[in-house]
Amino acid sequence: MDKGIAISVKNVSKTFRIPHEKVSSVRGAFVGALSSFHLPFSRGGRGGVSYEEFKALDDVSFEVKKGEFFGIIGRNGSGKSTLLKVLAGIYEADKGKVKVDGMISPFLELGIGFNPELSGRDNVYLNATVLGMTQKQIDEKFDAIVAFSELERFIDQKLKNYSSGMQVRLAFSVSIHANRDILLMDEVLAVGDSNFQAKCLDEFNQYKKEGKTIILVSHDLDNIEEYCDRVLLLQSGKIIIAGDTKQVIFEYKRQGREEEKAAIRNVNKENESRLERWGTGEVRILKVSTVNIDDKESVAFTRGSAIRVRIDFETIRLAVKPNFGVAIFRKDNDAYCYDINTSLDDIVLDDLVPGRSGSISITFNDVNLIRGTYYVKVGIFGNFTDFTYDFINNGPEFQIYSHDRDYGIVYLKHDWDLSRVQL
């Protein structure tokens, strides 16, 4: 292996067999447990056991350079954690080769080897020994480990009296002081409170300056973008793209948007088959669509762009003084965002004659709703709102995308004045 390469992964695959067994009695559970030690490699199994194969990694190849901060991203179930466990030697690959030049500290299962009946002090020695540290090394680093965990007051209490957060902090502190060449980290930036996380990030910055090799798995794209030199994107066990951090993150977000669009289209299709509607029926709404500025149906829009809602309808009986209305609601909390109708805008429409069809649309320009999922309610009324000819309560959904981290409903342009922070 090239001297500048810390980790080399060549054509690695890993498949798990997931057993399926219907157990109807205690005896059946006992027999099934015994037979599970002899599962054959076919889909049929002894004792009524069957299973499906799940390919967690599929022909994965990449290299990590020494001193590189390397990110791995992907949806849940994409194979990220499995890949780290293969690199750490916890799992053995079914095929392919993994070569590692250096000692690894895996931040995967924090707290492995902890004993709740022992004190925090004893568990530091126990966990550090599991990670390969000698007695002398633990003695030399013990005070630093405890100080980093911020658990000095509790170090001689039994671990079973620690909160889960305290246990994770202690385990993380032990792991981070193992002083290995290569660090494998699976969502470890989520441990502790914000102050402890900031301390962890400072430590990673120091590791980066020291030229240690770090592989980080995280759903926090901000941290991935800030720290990683290169990134790998996994999907269903396969590498989709690897390379420039910004480019890979862009592809990850693009995939996410496509999945969200598909999900919204499925919801809209289901809603079309079971519309919540009411009215006297003089006019019937045939279809409601959300349309982009190019007049193409769409379910995804960028904050600040235009959104057009189109209503196709047919007239069954004479409808006098028709009034078309559209309201926008936020899906997660049914927040009432905006409501308008033709009468409120002083638009006077002719009576609708039976046997005819038509369409009407409204364009909302520069829509500054914050990111999230929204839906429309659409109605056709008579004599302002004295009559309801037809009303659809669960119209199509659409998504608003933006880079904002705002809360609420609408984005308000703003500026901060920091000139008088220090007087």
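Model, not experiment: these values are computed from the prediction.
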Trainee: More than 12 heavy atoms of other residues, nucleotides or ligands under 6.0 Å from CG of Asn266: yes or no?
Mentor: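 Atom CG in Asn266 is packed in, count exceeds 12.
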
Trainee: For the atom pair CG (Leu286) and OG (Ser357), what is the distance rounded to the nearest 0.5 Å?
Mentor: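 Rounded to the nearest 0.5 Å, the CG-OG separation comes to 7.0 Å.
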
Trainee: Where do Ser173 and Ser149 come nearest, in terms of heavy atoms and distance?
Mentor: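 Reported closest heavy-atom pair: OG-N, 3.6 Å.
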
Trainee: How long is the span from the NZ atom in Lys95 to the OG1 atom in Thr15, to the nearest 0.5 Å?
Mentor: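 Here the interatomic distance stands at 8.5 Å.
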
Trainee: Would you please name every residue forming a side chain to side chain donor-acceptor pair (under 3.5 Å) with Asn161, sequence neighbours left out?
Mentor: none

Trainee: Does Asp390 come within less than 4.0 Å of Arg277, counting only side-chain N to carboxylate O?
Mentor: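 Looking at Asp390 and Arg277, the cut-off is met.
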
Trainee: Roughly how far, to the nearest 0.5 Å, is the OH atom of Tyr252 from the CD1 atom of Ile240?
Mentor: 12.5 Å

Trainee: Less than 3.5 Å apart, any donor N or O on the side chain of Asn368 or Arg303 sitting next to an acceptor on the other?
Mentor: yes

Trainee: Taking everything shown except Phe384 itself, do over 12 heavy atoms lie less than 6.0 Å from its CZ?
Mentor: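 Enclosed.
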
Trainee: To the nearest 0.5 Å, what is the distance between CD1 on Ile362 and CG on Asp345?
Mentor: 6.5 Å

Trainee: Could you go step by step and tell me if Ile264 and Phe398 meet the side-chain contact (heavy atoms from CB on, under 4.5 Å) rule?
Mentor: CA-CA 7 Å; Ile264 290 175; Phe398 62 92; 5.7 Å; no

Trainee: Report the C-alpha distance between Glu314 and Arg356 in whole Å, list the side-chain angles of each, state the deciding distance to 0.1 Å, and finish with yes or no for salt bridge (charged side-chain N to carboxylate O under 4.0 Å, His left out).
Mentor: CA-CA 6 Å; Glu314 64 177 350; Arg356 295 185 180 179; over 6 Å; no

Trainee: Assess the side chains of Tyr401 and Arg371: does a donor N or O sit below 3.5 Å from an acceptor N or O?
Mentor: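 No pair is found: no donor N or O on one side chain lies under 3.5 Å from an acceptor on the other.
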
Trainee: Can you confirm whether Asn341 sits close enough to Val326 that some side-chain heavy atom of one is under 4.5 Å from a side-chain heavy atom of the other?
Mentor: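 Asn341 vs Val326: side chains apart.
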
Trainee: If you compare all heavy atoms of Lys141 against all heavy atoms of His177, which two are closest, and at what distance to 0.1 Å?
Mentor: NZ-O, 3.0 Å

Trainee: Should the heavy atoms of other residues, nucleotides or ligands under 6.0 Å from CZ of Arg284 be counted, would the total exceed 12?
Mentor: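 Counting other residues, nucleotides and ligands, CZ of Arg284 stays at 12 neighbours or fewer.
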
Trainee: With a 4.0 Å cut-off, would you call Asp295 and Arg310 a salt bridge?
Mentor: yes

Trainee: If the threshold is 4.0 Å, N to carboxylate O, is there a salt bridge linking Glu251 and Arg254?
Mentor: yes

Trainee: Quick check for you: to the nearest 0.5 Å, what is the distance between Leu233 atom CG and Ser78 atom OG?
Mentor: 7.5 Å

Trainee: Using the side-chain hydrogen bond (donor to acceptor under 3.5 Å, both in side chains) rule, take Asp417 and Ser419 through it: C-alpha gap first, then chi angles, then the decisive distance, then the call.
Mentor: CA-CA 6 Å; Asp417 181 3; Ser419 61; 2.7 Å; yes

Trainee: With a 6.0 Å cut-off on the ring centroids, do Phe329 and Tyr338 count as close?
Mentor: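 No, the ring centres sit 6.0 Å or more apart.
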
Trainee: May I ask you to test the Ile155-Leu170 pair for a side-chain heavy-atom distance under 4.5 Å?
Mentor: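 Contact flag for Ile155/Leu170 side chains = yes.
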
Trainee: Between Tyr375 and Asp334, is there a side-chain donor-acceptor contact under 3.5 Å, judged purely by atom types and distance?
Mentor: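 Yes, a side-chain donor-acceptor pair sits under 3.5 Å.
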
Trainee: Does either side chain, that of Asp139 or that of Tyr125, offer a donor lying less than 3.5 Å from an acceptor on the other one?
Mentor: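 Checked: Asp139/Tyr125 side chains pair up, N/O donor to acceptor below 3.5 Å.
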
Trainee: Under the side chain to side chain donor-acceptor pair (under 3.5 Å) rule, collect the residues that match up with Lys66, sequence neighbours excluded.
Mentor: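 Partners of Lys66 under the side chain to side chain donor-acceptor pair (under 3.5 Å) test: Asp101.
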
Trainee: Any side-chain donor paired with an acceptor under 3.5 Å for Gln399 and Thr373?
Mentor: yes

Trainee: Is the Phe114-Tyr162 ring centre distance short of 6.0 angstrom?
Mentor: no

Trainee: With a 4.0 Å cut-off, would you call Lys246 and Glu225 a salt bridge?
Mentor: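 A salt bridge is present here (some side-chain N lies under 4.0 Å from a carboxylate O).
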
Trainee: Under 4.0 Å between a side-chain nitrogen and a carboxylate oxygen: does that hold for Lys261 and Glu258?
Mentor: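 Answer for the salt bridge query: yes.
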
Trainee: Run the numbers on Ser13 and Asp59 for side-chain hydrogen bond (donor to acceptor under 3.5 Å, both in side chains), then give the verdict.
Mentor: CA-CA 5 Å; Ser13 294; Asp59 198 30; 5.2 Å; no

Trainee: Work out which heavy atom in Glu63 is nearest to a heavy atom in Ile5; give both atom names and the distance.
Mentor: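 Residues Glu63 and Ile5, closest heavy atoms: OE1-CD1, 3.8 Å.
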
Trainee: Does the distance from a Lys or Arg side-chain N to an Asp or Glu carboxylate O, for Lys287 and Glu272, drop under 4.0 Å?
Mentor: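 No.
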
Trainee: Side chains of Ile380 and Ile285, heavy atoms from C-beta outward: is any pair under 4.5 Å?
Mentor: yes

Trainee: Run Tyr207 and Phe69 through ring pair (Phe, Tyr, Trp, His ring centres under 6.0 Å) and show every step you take.
Mentor: CA-CA 10 Å; Tyr207 279 7; Phe69 210 125; 9.4 Å; no

Trainee: Check whether more than 12 heavy atoms from other residues, nucleotides or ligands sit under 6.0 Å from atom NZ of Lys377, and answer yes or no.
Mentor: yes

Trainee: Aromatic rings Tyr389 and Phe387: how do their planes relate, parallel, tilted or perpendicular, breaks at 30° and 60°?
Mentor: parallel

Trainee: side-chain contact (heavy atoms from CB on, under 4.5 Å) with Ser61: which residues, sequence neighbours excluded?
Mentor: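 Checked Ser61 against side-chain contact (heavy atoms from CB on, under 4.5 Å); matches are Asn11.
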
Trainee: Determine whether Asn323 and Ser343 satisfy the following criterion, side-chain hydrogen bond (donor to acceptor under 3.5 Å, both in side chains), listing intermediate values before the conclusion.
Mentor: CA-CA 6 Å; Asn323 178 22; Ser343 292; 3.2 Å; yes

Trainee: Establish, from distance only, whether the side-chain atoms of Gln206 and Glu210 form a donor-acceptor pair under 3.5 Å.
Mentor: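 A donor-acceptor contact under 3.5 Å links the two side chains.
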
Trainee: Is there a side-chain contact between Ile215 and Ile72 (heavy atoms, below 4.5 Å)?
Mentor: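 Ile215 vs Ile72: side chains touch.
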
Trainee: Given Tyr91 and Phe16, is the ring pair (Phe, Tyr, Trp, His ring centres under 6.0 Å) satisfied, shown in steps?
Mentor: CA-CA 11 Å; Tyr91 290 158; Phe16 294 99; 5.3 Å; yes

Trainee: Looking just at side-chain N and O atoms, do Asp156 and Ser119 make a donor-acceptor pair shorter than 3.5 Å?
Mentor: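 Looking only at side-chain atoms, Ser119 and Asp156 do not form any donor-acceptor pair under 3.5 Å.
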
Trainee: Atom CD of Glu276 and atom CG of Asn394: how far apart are they, to the nearest 0.5 Å?
Mentor: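 Answer for the CD-CG pair, Glu276 versus Asn394, is 4.0 Å.
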
Trainee: Considering only NZ, NE, NH1 and NH2 on the basic side and carboxylate oxygens on the acidic side, decide whether Arg17 and Glu52 come within less than 4.0 Å.
Mentor: no

